[in-house]
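No hydrogens, no waters, no symmetry mates; every other heavy atom, side chains included, goes into these values. The first residue in the sequence is number 1, and the count goes up from there.
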Amino acid sequence: MRAIGLTVLLLSLSNVFMTFAWYAHLKDLSAKPWFVAALVSWGIAFFEYMLQVPANRIGYTALSLGQLKILQEVITLTVFVPFAFFYMKEPLKLDYLWAAFCILGAVYFIFRSKWGGA
């Protein structure tokens, strides 16, 4: 269980860096040429990978590859929605809730064997 908790923590931190690397330039560097935004994003992404690679290695000791991927998607949406709302000033939409329900379905199907299902 410790491996899963550490994996969630590292993937969550990694996702914060990933989200900023992927999207913050749309707000902060929109007046700069795209290659400047790409270089800045790559610099931010370095820190993402420094957290994501160990997270996946640790997680793979307790979870399957599919479970790791779905866990990553849950974390991605959990990080992205507040980022979009608070940082990018995007409106909060019900579509995020429906997306979360879809991901919960994916969580069920990918983890059900671990929980004693099929």
**Asked** So how far is it from Thr7 OG1 to Arg2 CZ, rounded to the nearest 0.5 Å?
**Response** 10.0 Å
**Message:** If hydrophobic clusters are built from ILVMFWY residues whose side chains come within less than 4.5 Å, do Ile44 and Val53 share one?
**Reply:** no
**Request:** Tell me, yes or no, whether the heavy-atom count around Tyr87 atom OH, taken from other residues, nucleotides or ligands under 6.0 Å, exceeds 12.
**Result:** yes
**Message:** Using side-chain heavy atoms (C-beta onward) and a distance below 4.5 Å, is Leu51 in contact with Leu11?
**Reply:** no
**Complete:** Minimal heavy-atom distance between Ser12 and Val79, with the atoms involved, is O-CG2, 4.2 Å
**Asked** Would you call the rings of Trp98 and Phe101 parallel, tilted or perpendicular, where under 30° means parallel and over 60° means perpendicular?
**Response** tilted
**Asked** Honestly curious: do Tyr60 and Ile4 fall in one hydrophobic cluster under the side-chain, below-4.5 Å linking rule?
**Response** yes
**Request:** Search all heavy atoms of Ala62 against all heavy atoms of Ala3 and return the closest pair with its distance.
**Result:** CB-CB, 4.2 Å
**Prompt:** Same hydrophobic cluster for Leu104 and Leu77, using side-chain heavy-atom links shorter than 4.5 Å among ILVMFWY?
**Reply:** no
**Prompt:** Could you give the distance from CD1 (Ile103) to CD1 (Ile70), rounded to the nearest 0.5 Å?
**Reply:** 7.5 Å
**Prompt:** Hey, does Val16 have a side-chain heavy atom less than 4.5 Å from the side chain of Leu13?
**Reply:** no
**Message:** Rounded at 0.5 Å granularity, tell me how far CE in Met1 sits from CG in Leu6.
**Reply:** 13.0 Å
**Message:** Membership question, hydrophobic clusters at under 4.5 Å side-chain separation (ILVMFWY): are Phe86 and Phe20 in the same one?
**Reply:** yes
**Prompt:** What do you reckon, is CE of Met88 surrounded by more than 12 foreign heavy atoms closer than 6.0 Å?
**Reply:** yes
**Request:** Of all the heavy-atom pairs spanning Pro91 and Tyr96, show the shortest one and how long it is.
**Result:** O-CE1, 4.0 Å
**CZ (Phe47) with more than 12 external heavy atoms under 6.0 Å** = no
**Request:** Would you check if Val81 and Leu92 make a side-chain contact, meaning some heavy-atom pair closer than 4.5 Å?
**Result:** yes
**Asked** What side-chain hydrogen bond (donor to acceptor under 3.5 Å, both in side chains) pairs are there with at least one residue in residues 69-86, not counting sequence neighbours?
**Response** Asn15-Thr76, Lys69-Glu73, Gln72-Thr76
**Complete:** Taken to the nearest 0.5 Å, the spacing of Leu63 CG from Leu68 CG works out to 5.0 Å
**Message:** Any side-chain to backbone donor/acceptor pair from Thr19 onto Phe80? Under 3.5 Å, distance only.
**Reply:** no
**Item:** Straight-line distance of Phe46 CZ to Glu48 CD, nearest 0.5 Å
**Value:** 11.5 Å
**Request:** Show the numbers, then the answer: is there a side chain to side chain contact (heavy atoms under 4.5 Å, CB included) between Phe85 and Glu90?
**Result:** CA-CA 5 Å; Phe85 182 70; Glu90 294 279 325; 6.0 Å; no
**Fill in**
The reported gap from CD1 in Ile110 to OG in Ser64 (rounded to nearest 0.5 angstrom) is 5.5 Å
**Item:** Working for ring pair (Phe, Tyr, Trp, His ring centres under 6.0 Å), residues Phe17 and Tyr49
**Value:** CA-CA 9 Å; Phe17 284 105; Tyr49 276 85; over 10 Å; no
